[in-house]
Enquirer: 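Here's a structure for you.
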Amino acid sequence: MKKFKRTTVTAALPYANGPLHIGHIAGAYLPADTYVRFLRQRGEDVVFICGSDEHGVAITLGAKKEGVSPKQFVDKYHALMQKAFVDFGIGFDIYSRTSNATHHETAREFFTNIYNKGIFLEETSDQYFDEQEQIFLADRYIVGTCPTCGHANAYGDQCEKCGTSLSPKQLINPRSTVSGKTPVLKPTRHWYFPLNLFEEWLKEWIVEGHKDDWKINVYGQCKSWIDQGLQPRSITRDLDWGVSVPLPDATGKVLYVWFDAPIGYISATKELKPDGWEKYWKDPETRLIHFIGKDNIVFHCIIFPAILKAAGDYILPDNVPANEFLNLEGDKISTSRNHAVWLHEYLADFPGRRDELRYVLTSISPETKDADFTWKDYQQKVNSELVSIFGNFVNRVMVLTWKYFDGRVPSEEELAGTTEKRIKILDHYKKAHHDLNEAVGEMIHALNDFRFREAQFQLINLARIGNKFLADTEPWKLAKEDMEAVGSILNYAITIVGNLAIACDPFLPDAATRLRKQLNSTSFDAKWKQFWVKEQLINAVPQHHQLGQPELLYKNVEDDEIEKQIAKLRKPGMEETKPVSALKPLKPEISIDDFSKLDIRIGKVLTAERMEKSNKLLKLTVDTGSDQRTILSGIAQHYTPEEMVGKQVTLIANLAPRKMMGIESQGMILMAEDVDGKLRLLIPVEAVSPGSTVS
RNA sequence: GGCGCGGUAGCUCAGGUGGUUAGAGCGUUGGAUUCAUAACCCAAAGGUCGGGGGUUCAACUCCCCCCCGCGCUACCA
């Protein structure tokens with residue numbers, strides 16, 4: 001294997017259109033962080049790069065929906081994600097963002113560099129244009145009637161009903177999903193990156209060169225792509241949000257997100273090390289590792305490397321350990337259905353319990369196939385492994401040492417095998433020592449191979465072996481007859497605890513800190529490094545060293561804690577089995593004049609809070625376009641205040657004000673009532689401006 | 001539709017150029033124990049290795065077909 005001087009580790013740039021959930025963490029950030037911690041423990045030169053991916057149509061549309069500018073939109077999510085990462089303890093050297101100046105510059109330089117080499121293709125074609133919004137529409141933002149099956153809402157790339165693939169021009173009566181209007185065809189010019197020219201090179205580099213060292217899922221996906229034959233990919237878009245194309249006649253053109261986003265790794269490194277960044281990207285003695293989810297394989301293994309190759313001078317990823325996906329309680333994680341465990345919410349609900357989440361996510365890490373996170377599993381793993389095996393072992397050793405030696409590490413002189421009992425102890429010691437070294441070796445080996453599940457298992461194995469060593473040698477019994485033997489046993493037990501403190505750093509950083517405190521070992525750094533160099537047990541805590549006070553490392557997860565979390569996932573009212581009421585009869589006929597008396601409008605919820613002493617009412621502040629008013633709405637059992645904020649709602653604006661529970665309600669929110677009594681909001685399919693009338 | 005990855009004990013996963021009783025941890029059950037967060041330690045039960053067919057003296061491991069999950073992709077292998 002090639003020797004490298006340093007390592008550049010990147011973790012996929014999260015898209016700045018929503019908060020982070022455990023799927024993101026398990027997929028890329030946690031394995032990356034674990035790996036980087038491991039490298040740092042070994043004293044290696046490593047940079048750990050990440051940042052928010054802030055461009056693309058989805059951002060502009062998301063911003064429009066929230067009624068804010070794209071910049072405000074990404075500012076919000078960038079801040080949210082950055083804070084969550086920091087709070088969770090993911091140790092990026094830099095968490096940057098693609099909307100900043102350094103990145104724009106870097107991405108433009110990349111484009112210009114490759115452009116000047118004459119590699120890009122340039123082509124003009126007709127594309128649908130939304131005249132009202134003044135934007136060209138991506139395929140999936142166009143709907144229309146499917147030419148094959150007649151389905152009225154087929155997307156521009158595929159009909160969901162009959163499954164045929166389409167191009168937008170095949171759609172009958174195309175409509176823009178952004179404005180609802182009929183788009184028109186307009187010629188537009190774009191630049192293309194000729195991936196096909198890199199096919200042979202990619203074949204050699206990946207299919208031949210990385211057959212054995214890349215994960216099979218990654219390799220298979222790449223090979224499949226390359227075998228299919230590669231096509232030029234367009235790398236520009238008509239949009240006013242993004243990195244503008246650095247050509248004189250290219251106003252209104254930006255780089256396509258997938259072109260600029262991976263370059264974000266480089267810009268972030270530049271920002272981190274304005275003078276020294278190049279050696280992390282251009283020195284062949286640097287190893288580049290991308291941690292990503294499986295949806296990103298083709299960008300990181302094929303397209304981005306080809307771009308780097310085209311740019312010249314750059315190193316290529318040495319490995320791309322992509323993970324599969326994480327499910328939640330048997331279902332796909334879904335932002336829109338709120339079927340997710342949000343990182344910032346976990347951190348708020350479980351303060352001081354970051355290791356627990358790390359531990360569980362690593363133990364089910366989707367390394368070879370999709371995995372499933374369940375709260376029950378979380379509880380069981382924490383309680384039976386972290387608490388019972390790891391935490392308990394440390395606690396037993398600490399307590400025993402305080403009990404018999406006042407917290408001073410007993411001397412480590414070798415025990416003379418003078419009695420039968422002592423001979424047995426020596427046997428147990430030898431066995432434990434052998435098993436421990438094997439586990440340490442296997443742990444480090446697995447870390448090198450990105451097999452974090454296995455590595456962490458071996459870590460816990462150290463505690464398992466430690467527990468067995470104590471059970472086998474029974475120092476609490478010997479205390480009555482042979483204190484020298486007790487001292488020898490505990491000295492070794494403390495050695496195990498010390499090595500655990502060292503070894504758990506990449507996986508359980510908070511435990512590492514707590515253990516250092518308990519062992520009173522903050523000054524042992526230089527010595528402890530030896531563990532990672534020798535790859536075997538070291539004499540971590542010297543004899544006669546005074547230990548700190550024992551403290552429990554972890555506490556059990558109680559039933560009610562996870563029940564709360566599980567309840568959070570369910571839609572309100574979903575588990576209630578109410579009798580299905582009959583459809584309500586039609587009301588008597590009215591005239592159009594009756595109807596026109598109603599002033600129905602679209603408003604936007606600015607704030608929402610529960611009403612005191614009411615289990616049905618939410619107090620909402622609603623922007624009706626012309627004013628902001630307070631409306632009390634009896635929907636508290638169907639929507640949480642958090643869910644309501646930012647939502648568009650349909651309301652009756654000219655209803656006479658009415659006092660409820662001491663507060664005046666100035667209007668009424670319209671709701672659909674399902675046959676089971678469940679209330680659902682009426683929301684315009686596409687966002688409209690507050691104050692829009694309904695008729 | 002095509003391609004890729006996966007489908008092994010209740011759960012999370014190992015494994016195998018085909019070869020005696022398919023492994024581990026957790027969970028469960030029983031026992032032992034008390035230093036410890038009713039924890040630890042020992043033991044047992046649990047699987048016709050997604051289904052069907054084939055090759056073979058012998059397949060969970062190789063070949064073919066099918067089913068299921070996830071991803072990628074589009075009339076192209």
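Convention: sequence-line order gives letters A, B, ...; per-chain numbering from 1. Worth knowing before you read on, the calculation uses all heavy atoms, side chains too, and leaves out hydrogens, waters and symmetry mates. The shown structure was predicted, so the numbers you read here are calculated from the model rather than taken from an experiment.
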Enquirer: Would you list the protein and nucleotides 26-28 of chain B atom pairs, both N or O, that sit under 3.5 Å from each other?
Expert:
from   : atom 1 : to     : atom 2 : distance (Å)
B:rC26 : O3'    : A:S384 : OG     : 3.1
B:rC26 : O2'    : A:S384 : OG     : 3.4

Enquirer: Please state whether the rings of A:Y256 and A:W258 are parallel, tilted or perpendicular, taking 30° and 60° as the class boundaries.
Expert: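 If you compare the ring of A:Y256 with that of A:W258, the planes turn out perpendicular.
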Enquirer: How far, in whole Å, is B:rU21 from B:rA38 if one measures between their C1' atoms?
Expert: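 After rounding to an integer number of Å, I get 36 Å for this pair.
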Enquirer: Please list all pairs passing the ring pair (Phe, Tyr, Trp, His ring centres under 6.0 Å) test where one or both residues lie in residues 440-464 of chain A, with sequence neighbours left out.
Expert: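 Applying ring pair (Phe, Tyr, Trp, His ring centres under 6.0 Å) to every pair that reaches into residues 440-464 of chain A, excluding sequence neighbours, yields A:Y35-A:F450, A:F291-A:F450.
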Enquirer: What integer number of Å spans the P atoms of B:rG6 and B:rC64?
Expert: 16 Å
Enquirer: Need one value for A:K223: base, sugar-phosphate or nothing, where a base atom within 4.0 Å counts as base even if backbone is also close, heavy atoms only.
Expert: nothing
Enquirer: Does anything in residues 492-507 of chain A reach RNA chain B, meaning a heavy atom under 4.0 Å, and if so which residues?
Expert: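 The answer is none.
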Enquirer: Could you tell me how the ring of A:Y492 sits relative to the ring of A:F469: parallel (under 30°), tilted (30 to 60°) or perpendicular (over 60°)?
Expert: perpendicular
Enquirer: Please check if the distance between the ring centroids of A:W375 and A:F373 is under 6.0 Å.
Expert: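 Yes - the distance between ring centres of A:W375 and A:F373 falls below the 6.0 Å cut-off.
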Enquirer: Start at the 5' end of RNA chain B and walk down; is the nucleotide closest to A:L552 or to A:I216 reached first?
Expert: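 Final value for this comparison: A:I216.
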Enquirer: Between the main-chain N or O of A:A511 and the side-chain N or O of A:D355, is there a donor-acceptor pair closer than 3.5 Å?
Expert: yes
Enquirer: With 3.5 Å as the limit, what N/O pairs link the protein to nucleotides 65-72 of chain B?
Expert:
from   : atom 1 : to     : atom 2 : distance (Å)
B:rC70 : O4'    : A:D370 : OD2    : 3.2
B:rC70 : O2'    : A:K294 : NZ     : 2.3
B:rC70 : O2'    : A:D370 : OD2    : 2.8
B:rG71 : OP1    : A:K332 : NZ     : 3.1
B:rC72 : O2'    : A:Q221 : NE2    : 3.3
B:rC72 : O2'    : A:W225 : NE1    : 2.9

Enquirer: Would you confirm whether A:D370, through its side chain, and A:F325, through its main-chain N or O, come within 3.5 Å as a donor-acceptor pair?
Expert: yes
Enquirer: Determine the interatomic distance between P on B:rC70 and the same-named atom on B:rA24; round to the nearest Å.
Expert: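 Their P atoms lie roughly 32 Å apart.
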Enquirer: Flag the pair A:H300 / A:Y265 as yes when their ring centroid distance falls below 6.0 Å, and as no otherwise.
Expert: yes
Enquirer: Quick one: side-chain hydrogen bond (donor to acceptor under 3.5 Å, both in side chains) partners of A:D377, sequence neighbours excluded?
Expert: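 Expected list: A:K381.
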Enquirer: Just how far, in rounded Å, is P of B:rC11 from CG of A:D377?
Expert: 11 Å
Enquirer: How would RNA chain B look in dot-bracket form, 5' to 3', counting Watson-Crick and G-U wobble pairs with both distances under 3.5 Å and writing | for bases paired to another strand?
Expert: (((((((..((((.....[...)))).((((.........)))).....(((((..]....))))))))))))....
Enquirer: Can any side-chain N or O of A:Y192 pair as donor or acceptor with the backbone N or O of A:T236 at less than 3.5 Å?
Expert: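 Such a contact is absent between A:Y192 side chain and A:T236 backbone.
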Enquirer: Report the relative orientation of the aromatic rings in A:W205 and A:H210; use parallel for angles under 30°, tilted for 30 to 60°, perpendicular for over 60°.
Expert: perpendicular
Enquirer: CD1 of A:I226 versus P of B:rG2: gap in Å, rounded?
Expert: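 Checked: the CD1 to P distance equals 22 Å.
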Enquirer: Base of B:rG46 relative to its sugar, syn (within 90° of 0) or anti?
Expert: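 Syn, angle within 90° of zero.
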Enquirer: Could you list the residues that satisfy side-chain hydrogen bond (donor to acceptor under 3.5 Å, both in side chains) with A:E123, not counting sequence neighbours?
Expert: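 Not a single residue meets the side-chain hydrogen bond (donor to acceptor under 3.5 Å, both in side chains) criterion with A:E123.
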Enquirer: List in numerical order all residues of residues 435-453 of chain A for which some heavy atom is under 4.0 Å away from an atom belonging to RNA chain B.
Expert: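 Listed by number, they are A:R453.
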Enquirer: Taking only residues two or more places apart in sequence or in another chain, which ones pass side-chain hydrogen bond (donor to acceptor under 3.5 Å, both in side chains) with A:D372?
Expert: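 By the side-chain hydrogen bond (donor to acceptor under 3.5 Å, both in side chains) rule, A:D372 matches no residue at all.
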Enquirer: Take the protein atom CD of A:Q458 and the nucleotide atom C1' of B:rA24, then report the distance between them rounded to whole Å.
Expert: 10 Å
Enquirer: Before we go on, tell me: are the rings of A:F198 and A:W225 under 6.0 Å apart, centre to centre?
Expert: no
Enquirer: For A:N395 and B:rA36, give me the distance from atom CG to atom C1', rounded to whole Å.
Expert: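 These atoms are roughly 6 Å apart.
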Enquirer: Looking across every strand, which nucleic acid part, if any, lies under 4.0 Å from A:F393 by heavy atom: base, sugar-phosphate, or nothing?
Expert: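 No contact.
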Enquirer: Could you state the CG-C1' distance from A:L326 to B:rU12, rounded to the nearest angstrom?
Expert: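 In whole Å, B:rU12 C1' and A:L326 CG are 13 Å from each other.
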Enquirer: What's the closest nucleotide to the side chain of A:V399 if the choices are B:rC35, B:rG6, B:rU37?
Expert: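 Nearest nucleotide to the side chain: B:rC35.
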Enquirer: Cut-off 3.5 Å, no hydrogens considered: what does the side-chain donor-acceptor table look like for residues 496-507 of chain A, sequence neighbours left out?
Expert:
from   : atom 1 : to     : atom 2 : distance (Å)
A:N499 : OD1    : A:I538 : N      : 3.0
A:N499 : ND2    : A:T495 : O      : 2.7
A:N499 : ND2    : A:I538 : O      : 2.8
A:D505 : OD1    : A:Q41  : NE2    : 3.0
A:D505 : OD2    : A:Q41  : NE2    : 3.4

Enquirer: Provide, to the nearest angstrom, the distance between the CD1 atom belonging to A:I297 and the P atom belonging to B:rU73.
Expert: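 My rounded result for the distance is 11 Å.
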Enquirer: Which whole number of Å gives the distance between the C1' atom of B:rU29 and that of B:rG10?
Expert: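 It comes out at 14 Å once rounded to the nearest Å.
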Enquirer: State plainly whether the residues A:K369 and A:E324 are in salt-bridge range, i.e. N to O under 4.0 Å.
Expert: no
Enquirer: Taking side-chain hydrogen bond (donor to acceptor under 3.5 Å, both in side chains) as the definition, give me every residue that meets it alongside A:D559, ordered by chain and number, with sequence neighbours left out.
Expert: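 Residues passing side-chain hydrogen bond (donor to acceptor under 3.5 Å, both in side chains) with A:D559: A:Q379.
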Enquirer: Using the C1' atom as the point on both nucleotides, what is the distance between B:rG7 and B:rA44, in whole Å?
Expert: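 The answer is 29 Å between these two C1' atoms.
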Enquirer: Assert yes or no for the condition that the ring centre distance of A:F193 to A:F259 is strictly below 6.0 Å.
Expert: no
Enquirer: Nearest whole Å is fine: how far is B:rG4 P from A:D227 CG?
Expert: 9 Å
Enquirer: With respect to the side chain of A:R396, which nucleotide from B:rU37, B:rC13, B:rC35 is positioned closest?
Expert: B:rC35
Enquirer: Please measure how far the C1' atom in B:rA32 lies from the corresponding atom in B:rG69, and state the result in whole Å.
Expert: 44 Å
Enquirer: So, are A:R451 and A:E442 salt-bridged, with charged N and O less than 4.0 Å apart?
Expert: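 Yes, this pair counts.
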Enquirer: Let's see if you get this right: which residues in residues 465-482 of chain A place a heavy atom under 4.0 Å from RNA chain B?
Expert: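 Here the set is A:N467, A:K468, A:A471, A:W476, A:K477.
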Enquirer: Determine the Euclidean distance between corresponding C1' atoms of B:rA74 and B:rA59; express it in Å to zero decimal places.
Expert: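 It works out to 37 Å between them.
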Enquirer: Rounding to an integer number of angstrom, what distance separates B:rA9 and B:rU28 when you compare their C1' atoms?
Expert: 12 Å
Enquirer: Judged by each residue's nearest nucleotide on RNA chain B, which is more toward the 5′ side, A:A463 or A:Y404?
Expert: A:Y404
Enquirer: With hydrogens left out and only the distance checked, is there a donor-acceptor pair under 3.5 Å joining A:N392's side chain and the base of B:rA39?
Expert: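 A donor-acceptor contact between them is absent.
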Enquirer: Is there a side-chain contact between A:I303 and A:R233, using heavy atoms and a 4.5 Å cut-off?
Expert: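 Result yes, sub-4.5 Å side-chain heavy-atom pair found.
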Enquirer: Charged N to carboxylate O under 4.0 angstrom, A:D33 versus A:R358?
Expert: yes
Enquirer: Counting only N and O atoms by type, is there a donor-acceptor contact under 3.5 Å from the side chain of A:E199 to the main-chain atoms of A:L230?
Expert: yes
Enquirer: Can a side chain N or O of A:T368 be found less than 4.0 Å away from OP1 or OP2 on B:rA14?
Expert: yes
Enquirer: What is the distance from CG of A:N383 to P of B:rA38, rounded to the nearest Å?
Expert: 11 Å
